[in-house]
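Below is one structure, written out as structure tokens, with a few remarks after it.
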Amino acid sequence: MVGEEGAFVLGWDEVLTEEELSTTLKVLCMSEEEFKEYKEQDGWEDDSEEEENSTLSNEALSRLKPPCKKLLYDSVLLTLQSYSSDLKAEQDLLNNKEAYEKLSRREQQALHVRYGQKRILHQLLELVQ
């Protein structure tokens with residue numbers, strides 16, 4: 001269900017790997033009985049037209065069913081725990097001109113990437129609370 005890298009891609013306004021995330025959430029939030037029934041259908045592509053045409057925008061994420069929200073919330077928390085520093089530490093380093101300038105160009109770029117990733121993850125936490 002998940003692409004080759006085993007991760008979902010989130011943007012500021014929507015999920016960029018929405019088909020993979022939708023299918024994963026749908027399956028992981030099913031009861032055992034629902035999963036058996038879903039698996040026995042003639043193919044995984046038989047979703048309703050409404051589901052096929054919907055996008056996982058930030059607004060749509062905030063309207064997910066509670067079990068899906070909880071799953072996403074817990075997953076985001078686990079992802080954030082994998083970082084060695086938190087969002088505030090990244091922000092403090094970005095705001096500290098002297099400390100920032102001591103970083104190599106590569107370290108500065110990595111800092112910006114981590115900070116952006118963490119901001120998106122924190123935004124997602126707010127959407128699915």
Side-chain angles (χ1 to χ4, degrees):
M1 289 179 282
V2 180
E4 291 177 20
E5 296 188 24
F8 302 107
V9 181
L10 306 172
W12 286 110
D13 300 317
E14 64 188 12
V15 175
L16 302 177
T17 54
E18 63 186 79
E19 183 178 339
E20 292 91 344
L21 182 58
S22 291
T23 301
T24 301
L25 288 174
K26 183 175 185 176
V27 169
L28 292 176
C29 292
M30 288 179 176
S31 67
E32 186 177 344
E33 184 178 308
E34 289 170 326
F35 178 72
K36 285 179 184 177
E37 190 176 306
Y38 188 69
K39 202 168 104 173
E40 290 171 1
Q41 290 179 356
D42 288 335
W44 292 71
E45 304 299 321
D46 294 327
D47 292 335
S48 71
E49 190 173 310
E50 176 183 318
E51 288 176 347
E52 289 176 8
N53 292 330
S54 67
T55 60
L56 280 179
S57 65
N58 287 348
E59 184 180 326
L61 287 169
S62 66
R63 292 190 316 259
L64 288 172
K65 293 178 182 176
C68 292
K69 282 182 163 185
K70 171 93 171 95
L71 183 61
L72 270 178
Y73 187 86
D74 291 345
S75 298
V76 170
L77 286 180
L78 283 172
T79 302
L80 286 169
Q81 289 173 2
S82 71
Y83 288 98
S84 61
S85 62
D86 63 10
L87 183 65
K88 184 176 179 347
E90 305 290 1
Q91 180 66 52
D92 291 345
L93 186 52
L94 284 167
N95 290 334
N96 183 335
K97 187 176 179 182
E98 186 178 315
Y100 179 79
E101 288 177 354
K102 288 181 182 177
L103 299 174
S104 70
R105 183 75 180 132
R106 184 175 178 184
E107 289 170 324
Q108 290 174 354
Q109 291 172 337
L111 173 62
H112 284 281
V113 170
R114 284 192 315 271
Y115 180 69
Q117 290 171 339
K118 290 174 188 177
R119 285 189 55 208
I120 289 172
L121 290 170
H122 279 275
Q123 176 181 294
L124 181 56
L125 280 178
E126 290 178 20
L127 290 169
V128 297
Q129 274 185 328

- [ ] Please lay out, stage by stage, how Glu32 and Lys36 fare under the test salt bridge (Lys or Arg N to Asp or Glu O under 4.0 Å).
- [x] CA-CA 6 Å; Glu32 186 177 344; Lys36 285 179 184 177; 3.6 Å; yes
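Legend: residues meeting ring-ring contact (aromatic ring centres under 6.0 Å, His included) with His122, ordered by chain and number and at least two apart, are absent. Every residue was checked against the salt bridge (charged side-chain N to carboxylate O under 4.0 Å, His left out) condition with Arg119, not counting sequence neighbours, and none meets it.
No continuous path of hydrophobic side-chain contacts links Leu10 to Leu16 [ILVMFWY only; heavy atoms under 4.5 Å]. The cluster map of Ile, Leu, Val, Met, Phe, Trp and Tyr, joined by side-chain heavy atoms under 4.5 Å apart, puts Leu80 and Leu94 in different clusters. In the hydrophobic clustering of this structure, Tyr115 does not group with Ile120; members are Ile, Leu, Val, Met, Phe, Trp, Tyr whose side-chain heavy atoms approach within less than 4.5 Å, directly or through other members. Note on Leu121 and Leu93: separate hydrophobic clusters, where clusters join Ile, Leu, Val, Met, Phe, Trp and Tyr whose side-chain heavy atoms are under 4.5 Å apart, directly or indirectly.
Among all heavy-atom pairs drawn from Ser85 and Glu90, the shortest one is OG-OE2, 2.6 Å. When all heavy atoms of Leu103 and Gln108 are compared, the closest pair comes out as O-NE2, 3.5 Å. Closest non-hydrogen pair, Leu56 versus Ser22, comes out as CD1-OG, 3.4 Å. For the residue pair Thr17 and Phe8, the shortest heavy atom distance occurs at OG1-CA, 3.4 Å. Residues Met30 and Phe35 share a closest heavy-atom pair of SD-CA, 3.7 Å. Taking both residues in full, the closest heavy atoms of Gln123 and Asn58 are given as NE2-ND2, 2.8 Å, listed atom of the first, atom of the second, then distance.
Distance CG/Leu124 to CD/Gln129: 10.5 Å, rounded to 0.5 Å. Of the inter-residue distances, the one linking Leu61 atom CG with Leu21 atom CG reads 7.0 Å to the nearest 0.5 angstrom. A distance of 12.0 Å separates OG1 of Thr79 from NZ of Lys118, quoted to the nearest 0.5 Å.
You'll find the side chain of Val15 stays beyond 4.5 Å of the side chain of Glu20, heavy atoms only.
Atom CD of Gln91 has more than 12 heavy atoms from other residues, nucleotides or ligands within 6.0 Å. The 12-atom threshold is exceeded at CD of Glu107, counting heavy atoms of other residues, nucleotides or ligands nearer than 6.0 Å.
A side-chain donor-acceptor contact under 3.5 Å links Tyr83 and Gln117.
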With a 3.5 Å cut-off and sequence neighbours excluded, list the donor-acceptor pairs that the side chains of residues 67-78 form with protein atoms.
from: Lys69; atom 1: NZ; to: Ser62; atom 2: O; distance (Å): 2.7
from: Lys70; atom 1: NZ; to: Asp74; atom 2: OD1; distance (Å): 3.1
from: Lys70; atom 1: NZ; to: Asp74; atom 2: OD2; distance (Å): 2.8
from: Ser75; atom 1: OG; to: Leu71; atom 2: O; distance (Å): 2.8

